[in-house]
Amino acid sequence: MNKKPKAVIALVLTVLTVALIIWTCFFSGGSYWVFDSMGPIGQAQKELIIITTVLASVVILPVMVMTFVIIWRYRDRPGSKAKYKPHWDDSAKLETIWWGIPIIIIIAIGIITAKYTYDLEPSKPLASAQKPITIQVSSLDWKWLFMYPDEGIATVNTLTIPEDVPVRFELTSDAPMNSFWIPQLGGQIYTMSGMAMTLHLQADHPGTYYGSGANFSGEHFAQMRFDVNAVTSDQYNQWVQQAKQENNPLTEDGYTALAQPGVGQKTTYSAFPEGLFQRIVTKYVVEGSENPHGGHGAHAPAVTETASAEAAAKTASAAGSEEGQASHSNAGH
C-alpha cells in the first residue's frame, strides 16, 4: 500500500478519537461530579483544575501539534522539499523558547496551587454567617457511621445536612484506613484509626449527592457508599425531631455488632453512647505505650468542651507530647 493513504488513515483515526473523547466528556449527557460542584470547596477545586489544565495546555498542545507536523513534513517520501540539515549548531532563540516558556508555566502553576492549597486547608472553618454543625464520621468494615453530637442522633450509610450551612466533619476509622469523599462538595480526606481528622464542607443547593469510600479496604469496599441529603433548615430540623422519635438507640452492644465486618444498610438511630467517637479514636492506644501515629501529631480534635479535653489528654499522654491538646493532624481537601 502507498504510504500516503496510511498517513491519511492515521490522521482520520486520530481526529475521530479526539472527537469521541470530547463528545463523551461534554456532550453525552453524563454526570461528572467533580465538575458539577455544589459547594464553595468543590467550586474552588474545580477552578484550580481548570486553571492548571489550561496553563499546562500552553505547553502540551504546541508539542503535540509540532510532533505531528514534524513527522508529516520530514517523513521519507519521493520528491520531499523539506530541508535536510544534519549538522547545525545550537539555537539560542529556540533553547530560550522551549525552556523559558515551560519554566514560566511551572512557576505560575506552583504559585496558584500554593495559594489554593492554603485557602482550601481542610481544618480551616468556612466563612459563613451560619453556625456550623458538627458530624462525627467513623469508617467501618464496610459501612459508614455518622454521629451528630449536638443532636444526639446517628445514622449509617446516609447523611443529612442543611443547605448553606457549614459542616465540620470529624473523621476517624474503626477499621482499615479509608477515604471519605463527596465529589460535588469537595475532595477526599483519609480516615485512620488512632487519628481524628477535620474537614469543612458546605452544600449551597438542596439535593442528593453521592458519597463513598475512595480507598481500597477489602472485599466489599465498593459497597461503602452513602447518600448526602442537603435540605432546607426547616426540613433538617424536622428530620432531626423525627429521628429522635423513632426509639431506635444505638447501644454499646449494638455498636459492637455494627463494627463487625459486613455490608451495612441505611439506618437511623435516635441516640448513641456518649463519648463513642472519642473511644473509637483512642481504641487502639495502649496505656503507657507510644502512640504509633505520634510522629504525625495525631490527636483527637475538640468535640465538646469536656470530652475534647479528655480525649486530647489521653492521646497526648500516649504520644509523650506536652502539646497534645493543641495539635491537630489534617489531610488535604
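The figures that follow rest on heavy atoms only: side chains count, while hydrogens, waters and symmetry mates do not.
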request  = Verify whether one side chain among Gln202 and Asp204 offers a donor that lies under 3.5 Å from an acceptor in the other.
outcome  = yes
key: Test item: Trp181 side-chain N/O and Tyr190 main-chain N/O as donor-acceptor pair under 3.5 Å   = no
message = Side chains of Ser123 and Thr198: any donor to acceptor distance under 3.5 Å?
response = no
key: Aromatic ring proximity, centroids under 6.0 angstrom, Phe226 and Phe180   = yes
key: Check: Thr155 main-chain N/O paired with Lys266 side-chain donor or acceptor under 3.5 Å   = no
task = Would you check if there is a donor-acceptor pair between the side chains of Tyr209 and Asn229 at a distance under 3.5 Å?
result = no
key: Aromatic ring proximity, centroids under 6.0 angstrom, Trp239 and Tyr148   = yes
query = Do the side chain of Arg279 and the main chain of Glu274 share a donor and acceptor less than 3.5 angstrom apart?
reply = yes
Interatomic distance, Ile111 atom CD1 to Lys115 atom NZ [nearest 0.5 angstrom] = 12.0 Å
query = Hey, what do you get for CD (Gln235) to CD (Glu163), rounding to the nearest 0.5 Å?
reply = 8.0 Å
request  = Without swapping roles, check the side chain of Ser193 against the backbone of Ala175 for a donor-acceptor pair under 3.5 Å.
outcome  = no
inquiry  = Within the 3.5 Å criterion, strictly below it, is a donor on Gln184 or Ser37 matched to an acceptor on the partner's side chain?
reply    = no
ask   = Just by distance, do the side chain of Asp174 and the backbone of Ser139 share a donor-acceptor pair under 3.5 Å?
value = no
message = Once you measure the plane-to-plane angle for Trp142 and His220, does it fall in the parallel (<30°), tilted (30-60°) or perpendicular (>60°) bin?
response = perpendicular
query = Side chains of Asn178 and Ser173: do they bring a donor and an acceptor to under 3.5 Å?
reply = no
query = Between Met197 and Met192, does a side chain to side chain contact (heavy atoms under 4.5 Å, CB included) hold up when you go through it step by step?
reply = CA-CA 8 Å; Met197 317 300 283; Met192 292 172 275; 4.1 Å; yes
ask   = Between CG of Asn248 and OH of Tyr269, what distance do you get to the nearest 0.5 Å?
value = 6.5 Å
Identify all side-chain donor-acceptor contacts of residues 46-57 below 3.5 Å with residues at least two apart in sequence or on another chain.
{"residue": "Lys46", "atom": "NZ", "partner": "Phe35", "partner atom": "O", "Å": "3.3"}
{"residue": "Glu47", "atom": "OE1", "partner": "Tyr116", "partner atom": "OH", "Å": "3.1"}
{"residue": "Thr52", "atom": "OG1", "partner": "Leu48", "partner atom": "O", "Å": "2.8"}
{"residue": "Thr52", "atom": "OG1", "partner": "Ile49", "partner atom": "O", "Å": "3.1"}
{"residue": "Thr53", "atom": "OG1", "partner": "Ile49", "partner atom": "O", "Å": "2.6"}
{"residue": "Ser57", "atom": "OG", "partner": "Thr53", "partner atom": "O", "Å": "2.7"}

query = So, Gln241 and Tyr236: side-chain donor and acceptor under 3.5 Å apart, yes or no?
reply = no
Over 12 non-hydrogen atoms of neighbours within 6.0 angstrom of CD in Glu95 = yes
note = Output for pair (Met177 CE, Thr172 OG1), nearest 0.5 Å, gives 12.5 Å
